[in-house]
Amino acid sequence: MKTAAKDAAGSPVTITLPDGKTLSFDGPVTGLAIAEKIGPGLAKAALAVKQDGELIDLMREIKKDSQVAIVTRKDAEALELIRHDAAHVMAEAVQELFPGTQVTIGPSIENGFYYDFAREQPFTTEDFEKIEKRMHEIIARNEPFIREVWNRDEAIRHFKSIGEDYKAEIISDLPETEEISVYKQGKWYDLCRGPHLPATGHVGKAFKLMKVAGAYWRGDSNNAMLTRIYATAWRDQKELDAYLHMLEEAEKRDHRKLGKEMDLFHLQEEAVGAVFWHDKGYAIYRALESYIRRKIRAADYQEVKTPQLFDSSLFKASGHWDIYGDNMFKVRDVHKSDADGEERMMGLKPMNCPAHVQIFNQGIKSYRDLPIRMAEFGCCHRNEPSGAMHGIMRVRQFTQDDAHIFCTPEQMQEEAARYFKLQLGVYKDLGFDKIDVKLALRPGANARIGSDELWDWAENALREALKSAGLPFEELPGEGAFYGPKVEFHLTDAIGRTWQCGTLQVDPNLPNRLDASYIGEDGAKHRPIMLHRAILGSMERFIGILIENYAGKLPLWLAPVQAVVTTITNDADTYAERVLKDLKKAGIRAAIDLRNEKINYKIREHSLTKTPEIWVVGKRESEENTVAIRRLGSEKQEILALSDAINKIVTESAPPA
RNA sequence: GCUGUUGUAGCUCAGUCGGUAGAGCAUCGCAUUCGUAAUGCGAGGGUCGGAGGUUCGAAUCCUCUCAACAGCACCA
């Protein structure tokens with residue numbers, strides 16, 4: 001601070017613009033002044049500036065030579081500012097309307113912003129209209145945002161004195177080096193790091209309060225529950241409408257709704273968090289499972305099947321009983337007791353790794369046996385918190401397309417690379433092209449096990465594997481598992497949502513705990529490295545994702561009913577039965593609809609349940625041995641000879657190789 | 001688990017100030033045999049998530065409980 005003030009005394013400042021041009025000023029200069037120098041149009045459009053990559057207020061003085069870009073409403077950064085400003089405006093509106101409400105934090109988030117308030121009485125959606133109206137008024141006032149730097153202790157005292165205890169707490173927890181800045185908009189002000197737009201008017205009108213929800217102070221469930229208002233905000237009405245439309249679209253695609261409509265599965269109270277797969281849903285499940293099974297066989301995996309229920313000693317040895325015991329389903333074995341007379345405890349497996357180590361541990365393994373790639377469609381139980389459940393996406397009983405690769409440290413990188421290839425191939429086959437790769441690095445020292453050398457080695461190996469596979473990736477410090485780093489694959493669906501599915505995790509620890517070893521070239525025992533990996537993650541969740549991605553219109557090879565044969569009138573019943581028989585003989589999942597209903601009615605019904613092909617047969621077809629095929633999403637008919645039609649659907653419904 | 005909301009026929013939903021429930025679709029029956037997104041008429045079906053309570057009387061009020069939904073927290 002002090003040095004900056006000294007520099008500001010009047011030494012010239014050179015500003016470099018994005019196009020490489022430079023501008024010279026005699027002394028400190030604001031972003032606005034820079035924009036004015038470039039042109040009056042830009043000065044008018046300017047909202048903020050980016051100084052050496054950091055976003056700052058338009059009116060803040062730039063005191064040293066810098067790279068500067070003027071931010072206008074068109075830039076991505078502007079959207080973030082609009083949302084953050086809107087959060088301030090909402091907070092002002094709320095405090096004006098509901099005196100006694102304390103403000104806490106209100107950041108911009110994906111698609112909008114929220115603000116957490118402390119108030120005895122939570123807000124309801126009925127308050128929204130009033131709040132929105134007041135927000136529009138505040139925006140119309142177009143009060144400039146004015147930044148002030150406050151003395152730390154005074155700021156704490158001040159916020160305490162006006163009853164804003166949370167703000168005071170935030171300030172006292174800020175590092176000593178941090179400047180305490182306050183932004184004013186008219187009479188209202190808020191502690192804030194900034195930056196902000198020049199004035200409230202720039203927020204515009206394209207915002208909408210969305211929902212209220214509880215949220216813990218500082219995200220910690222031991223703290224007080226605040227009341228959070230979520231809102232969405234955009235540059236203009238068109239963007240807002242597009243977003244609202246996307247939400248509607250997401251609602252239409254909801255797998256819970258489609259699952260019911262398409263008769264795929266159901267959930268009920270007597271088996272909370274467990275899926276009842278109906279015939280049609282399980283058809284999808286089986287198609288997906290066999291596809292994965294073919295893929296892993298081709299990739300030289302073995303497939304195993306291990307028990308559900310284990311004596312607690314195994315999970316105590318693996319460490320899960322202590323670390324995740326609260327989230328395990330535990331069962332008393334009434335027929336067995338421990339030395340102290342207590343009934344023995346058993347547990348449903350929450351993951352497959354300890355069981356796979358048991359298979360590995362049978363007999364003696366040589367370095368020549370490695371790598372061993374052991375896969376299982378492993379059914380796991382985890383007692384998830386009640387609030388975590390969501391349709392079939394988050395459940396208490398699920399099946400992982402799991403595998404563990406036992407290998408030597410030298411083989412690890414190669415194994416990781418092989419997995420990446422397999423993984424990306426599968427996503428492509430399933431219709432996902434946009435994949436983000438992340439590398440989650442070691443968590444804090446007290447939240448991880450193993451030496452730093454081991455972590456260095458494991459993280460580097462994954463980094464190298466990703467690089468040699470040519471995969472761009474983002475590093476996430478602190479996000480790794482307690483036993484090792486992990487690579488995460490996030491896929492983007494048809495309406496732009498991302499889902500974390502596949503992961504590869506390095507685990508140098510479990511083999512140790514469960515005493516897995518192999519005999520090396522040197523004749524001595526060594527610990528293998530264990531790679532945990534899943535491609536889909538959970539079958540249940542992935543099928544949910546597929547349903548939503550395709551809006552129920554699954555590709556032919558995954559569709560539960562691939563074709564339905566239906567008649568114009570009963571005259572064609574016998575022929576329709578024959579068509580069905582041929583379809584089934586050819587291995588097609590087919591159904592028949594001989595109801596005495598108009599063809600319009602039947603077409604409508606099968607279209608609504610997203611059957612990919614409707615094979616209509618009437619008098620004409622039965623005489624000519626043909627079928628009239630109508631495909632989902634099209635109104636056209638294709639008339640084909642029956643045998644040609646069968647051949648065609650067999651070819652087209654073949655799963656990806 | 002926490003905060004808030006919800007829970008009525010197979011599905012989607014209505015039910016005013018407490019007086020033992022209604023619609024559409026679906027189902028069943030009858031008629032219709034009609035070429036590519038809903039043929040007509042008729043009938044059956046629920047005790048209102050569960051338990052307890054208040055009351056002459058509760059789907060409607062109270063308590064507890066279960067589940068779902070939204071968000072938070074969690075996700076080995």
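What you see is a predicted model; the values in this text were computed from it and never measured. Just so it is clear: chains get the letters A, B, ... in the order the sequence lines come, proteins before strands, and each one is counted from 1.
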Query raised in the report: Which whole number of Å gives the distance between the C1' atom of C30(B) and that of U16(B)?
Result: 39 Å
Query raised in the report: Rounded to whole angstroms, how far apart are NE2 on His606(A) and C1' on A38(B)?
Result: 13 Å
Query raised in the report: Given that both distances must come in under 3.5 Å, which nucleotide forms a Watson-Crick or G-U wobble pair with G40(B)?
Result: C30(B)
Query - Atom-pair distance (CD on Glu635(A); P on A37(B)), nearest Å - result: 6 Å
Report task. Please measure how far the P atom in C48(B) lies from the corresponding atom in A58(B), and state the result in whole Å. Result -> 11 Å
Query raised in the report: For atom C1', what is the distance between G19(B) and C61(B), given to the nearest Å?
Result: 15 Å
Query raised in the report: Is Arg620(A) salt-bridged to Glu624(A), cutoff N-O under 4.0 Å?
Result: no
Requested in this report: Ignoring backbone atoms, test whether Asn570(A) places a side-chain nitrogen or oxygen under 4.0 Å from the OP1 or OP2 oxygen of U33(B).
Outcome: no
Query raised in the report: Between G44(B) and A23(B), how far is it from one P atom to the other, in whole Å?
Result: 12 Å
Report task. Please measure how far the P atom in U54(B) lies from the corresponding atom in C62(B), and state the result in whole Å. Result -> 15 Å
Query raised in the report: Separation of Lys260(A) atom NZ from A26(B) atom P, in whole Å?
Result: 18 Å
Requested in this report: Can you tell me the pairing partner of A68(B) across any strand shown, Watson-Crick or G-U wobble, with both distances under 3.5 angstrom?
Outcome: U5(B)
Query raised in the report: Would you call Glu384(A) and Arg394(A) a salt bridge, using N to O less than 4.0 angstrom?
Result: yes
Query - Flag for Asn509(A)-Arg527(A): side-chain donor and acceptor within less than 3.5 Å - result: no
Report summary line: Across all chains, not counting sequence neighbours, the salt bridge (Lys or Arg N to Asp or Glu O under 4.0 Å) partners of Asp116(A) are Arg228(A)
Report task. Return the value, rounded to whole Å, for the distance between atom CZ of Arg604(A) and atom C1' of C34(B). Result -> 18 Å
Query raised in the report: Quick one: is A26(B) close enough that its OP1 or OP2 comes under 4.0 Å of any side-chain N or O from Tyr601(A)?
Result: yes
Query - Cation-pi check, Lys330(A) onto Trp321(A) ring (under 6.0 Å, within 45° of axis) - result: yes
Requested in this report: For G40(B) and C56(B), measure between their C1' atoms and round to the nearest Å.
Outcome: 48 Å
Query raised in the report: Atom CD of Gln268(A) and atom C1' of C66(B): how far apart are they, to the nearest Å?
Result: 13 Å
Query raised in the report: Within this structure, what is the CZ-to-C1' distance between Arg119(A) and G4(B), rounded to whole angstrom?
Result: 14 Å
**Report entry** N/O donor-acceptor pair under 3.5 Å between Glu132(A) side chain and Leu209(A) backbone
**Finding:** yes
Report task. Find out whether Val304(A) and His356(A) are in side-chain contact, i.e. whether some heavy atom of one side chain is under 4.5 Å from a heavy atom of the other. Result -> yes
Query - Who pairs with C48(B) - Watson-Crick or G-U, where each distance is under 3.5 Å - result: none
Query - Watson-Crick/G-U partner (both atom distances under 3.5 Å) of G24(B) - result: C11(B)
Query raised in the report: Which pair of heavy atoms, one from Phe542(A) and one from Leu536(A), lies closest together, and at what distance?
Result: CD1-O, 3.5 Å
Report task. Whole angstrom is fine here: how far is it from NZ in Lys619(A) over to C1' in C34(B)? Result -> 14 Å
Query raised in the report: To the nearest angstrom, how far is Arg595(A) atom CZ from U27(B) atom C1'?
Result: 11 Å
Requested in this report: Using the P atoms only, state how far G10(B) lies from U5(B), rounded to an integer number of Å.
Outcome: 28 Å
Requested in this report: Have a look at Ile323(A) and say if it touches a base, only the backbone sugar-phosphate, or nothing, with a 4.0 Å heavy-atom cut-off.
Outcome: nothing
Requested in this report: In whole angstrom, give me the gap between the P atoms of G7(B) and A76(B).
Outcome: 35 Å
Requested in this report: Could you tell me whether Glu621(A) contacts a base, only the sugar-phosphate backbone, or nothing, with contacts defined as non-hydrogen atoms closer than 4.0 Å?
Outcome: base
Query raised in the report: Across all strands, who's sitting opposite U54(B) as a Watson-Crick or G-U wobble pair, both distances under 3.5 Å?
Result: none
Report task. State the pairing partner of G18(B); accept Watson-Crick or G-U wobble contacts with both distances under 3.5 Å, and report none otherwise. Result -> none
Report task. Taking only the side-chain heavy atoms of Lys598(A) (C-beta and beyond), determine which of G7(B), A37(B), C34(B) contains the nearest atom. Result -> C34(B)
Requested in this report: Would you give a per-nucleotide map of nucleotides 68-76 of chain B, 5' to 3', where B means the base has a protein non-hydrogen atom under 4.0 Å away, S means only the sugar-phosphate does, and - means neither?
Outcome: SSSBBBBBB
Query raised in the report: Just checking, Arg218(A) and Tyr216(A): is the charged tip under 6.0 Å from the six-membered ring centre and within 45° of the axis?
Result: no
